[in-house]
Amino acid sequence: MDLMEKITALAKRRGFIYPGSEIYGGFSGFWDYGPLGVELKKNIKKEWWKSMVYEREDIVGIDSAIIMNPKVWEVSGHVEAFTDPLVECKVCHHRFRVDKEDSVCPDCGGKLTEPKKFNLLTEVYVGTTEEGKEKAYLRGEITQGVFVNFKNVVDSTRIKIPFGIAQIGKAFRNEITTGNFTFRSREFEQMELEYFVKPEAKEAERIFEFWKEARMNWYISLGMSKINLRFREHEDAERAHYAARAEDIEYKAPFGWSEFEGIHNRTDYDLTKHNLKYKDEDGEEYTPWVIETSGGVDRAALFFLLNAYHEEKERVILKLDPRLAPYKVAVFPLLANKEDLVKKARQVFDKLRLSLSSTWDDRGNIGKRYFAQDEIGTPWCVTVDFTTLDDETVTVRDRDSTKQERVAIDKLPQYIENKLHS
Ligand code: GAP
């Protein structure tokens, strides 16, 4: 099995990611996150929000609607220009995105038509009666919700340029071809910052460079290995209609170097289109420029999983940064049939889960429980044994080093918290 197959299988077996609508044969481009996957994604988003909003005075967050007035997408240029070139096989009539290497149909070898433009916006119909139904779109990027609220945010907060608006939420694209597990989906989540600056090219460049480095360093600080990361500047022909400059952060996936975050200089493109201006303290009015950082939560989750996967002798370990691990700690009674051990272990578990995402396991032997926790990335396993009953200490076993330490029960939550933030 190659790494993608291993991750896909592990994700399903252990409850990270399942194929969407699986009992009805699935639905191409849609995925469901299981009990562990939802924790992983929540942790990624939590760390992102912390670094973007809580740790910065100049950035505020919003959560805008997924469906907006369709005029938004006409004015933003997406109805006209949010397109992918598409070719059709003249023999089997399957349709594909144009990739450089495709000169014949990858399914049947037939000849392909000339590329045609295909719009990626997903249409929806809103309204109660057949006649009253109005065509709208599921948002193709979460970004436009920020621009349409630009004035609301400026008027309702004390924020002043330069400042940013952060948002996390679902976006939808009618992708022609989906694939590489969750990498190209039709429904996915984005985490984006729109940072507004004075309309000066030099200032915009300075801020662009700042965010470019900051975003790369954020992934490295959460454990992505540097050798699997690189920047790639977009060529003129591939840039989105709104971008004057675009640089991707790419991960070296088993299917090749792949974008999972884009840094864009959107200039005054969007605010001009929406006819929005900013008035500074001196009464000067201008249209700010926007530097954007746009990351995919699902792609980040996939790459954090690929990056974390290790095989060591008999065991599989997900070496996720503890901040991203679905469970921070697992609690075991040494033996499941000794009532006083189980009772004590339950007390420890109940205490830990007040502040830490924790799990319980009393199946099989300790070795098997370690194996199961390593495979889902739980950084610490706590065992309650006979010594615990005498001296109120437990064994804490570290996922990566397998080293064990004895820790007093009353110091345990703090001990784990310290390790989590060290
Ligand atoms: N607001 C700018 C914007 O949306 P983008 O480069 O089109 O820029 C940003 O998308 C990020 O969203 C990508 O780097 C990727 O992580 C994620 N993304 C885009 N399309 C995706 C898809 N079909 N499936 C999963 N993630 C996707």
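In listed order, ligands and their atoms are each counted from 1. Excluded from the calculations below are hydrogen atoms, water molecules and symmetry mates; all remaining heavy atoms, backbone and side chain alike, are included.
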At a non-hydrogen distance cut-off of under 4.0 Å, which region of [X] contacts ligand 1 (side chain, backbone, both, or neither)?
{"X": "Y242", "result": "side chain"}
{"X": "R184", "result": "both"}
{"X": "R186", "result": "neither"}
{"X": "M191", "result": "neither"}

As an exercise, identify every atom of ligand 1 less than 4.0 angstrom from a heavy atom of [X].
{"X": "E261", "result": "14 (O)"}
{"X": "E192", "result": "1 (N), 2 (C), 3 (C), 4 (O)"}
{"X": "R266", "result": "1 (N), 2 (C)"}
{"X": "E141", "result": "1 (N), 2 (C), 3 (C), 4 (O)"}
{"X": "H264", "result": "2 (C), 6 (O), 8 (O)"}
{"X": "E292", "result": "1 (N), 2 (C)"}
{"X": "F260", "result": "14 (O), 16 (O)"}
{"X": "E259", "result": "6 (O), 13 (C), 14 (O)"}

State, without any angle test, whether [X] and [Y] hold a side-chain donor-acceptor pair at a distance under 3.5 Å.
{"X": "D280", "Y": "Y286", "result": "no"}
{"X": "E192", "Y": "T143", "result": "yes"}
{"X": "S28", "Y": "T178", "result": "yes"}
{"X": "Y33", "Y": "E39", "result": "no"}
{"X": "H274", "Y": "Q144", "result": "yes"}

query: Judged by non-hydrogen atoms, does D298 sit under 4.0 Å from ligand 1?
result: no
message: Check for me whether E189 has a heavy atom closer than 4.0 Å to any atom of ligand 1.
response: no
- request: Just jot down the side chain to side chain donor-acceptor pair (under 3.5 Å) partners of E114, sequence neighbours excluded, or say none.
  value: none
Any N or O of [X] closer than 3.5 Å to N or O of ligand 1:
{"X": "T143", "result": "yes"}
{"X": "F183", "result": "yes"}
{"X": "G296", "result": "yes"}

query: Are F27 and F30 near enough that their ring centres are under 6.0 Å apart?
result: yes
task: Give the C-alpha distance, both sets of side-chain angles, the deciding distance and a yes or no for side-chain hydrogen bond (donor to acceptor under 3.5 Å, both in side chains) between E175 and S185.
output: CA-CA 7 Å; E175 297 283 359; S185 308; over 6 Å; no
D268 (side chain) donor-acceptor with L271 (main chain) under 3.5 angstrom: no
- request: Give a yes or no on whether the backbone of S225 and the side-chain of Y219 come within a donor-acceptor separation of less than 3.5 Å.
  value: no
query: Who are the ring-ring contact (aromatic ring centres under 6.0 Å, His included) partners of H94, not counting sequence neighbours?
result: none
message: Among all the protein's non-hydrogen atoms, which is closest to atom 9 (C) of ligand 1, and how far away is it?
response: S294 OG, 3.0 Å
query: Between the candidates Q190, R239, E187, which shows the shortest non-hydrogen contact distance to atom 12 (O) of ligand 1?
result: Q190
query: Parallel under 30°, tilted from 30 to 60°, perpendicular over 60°: which one fits the rings of F163 and Y278?
result: tilted
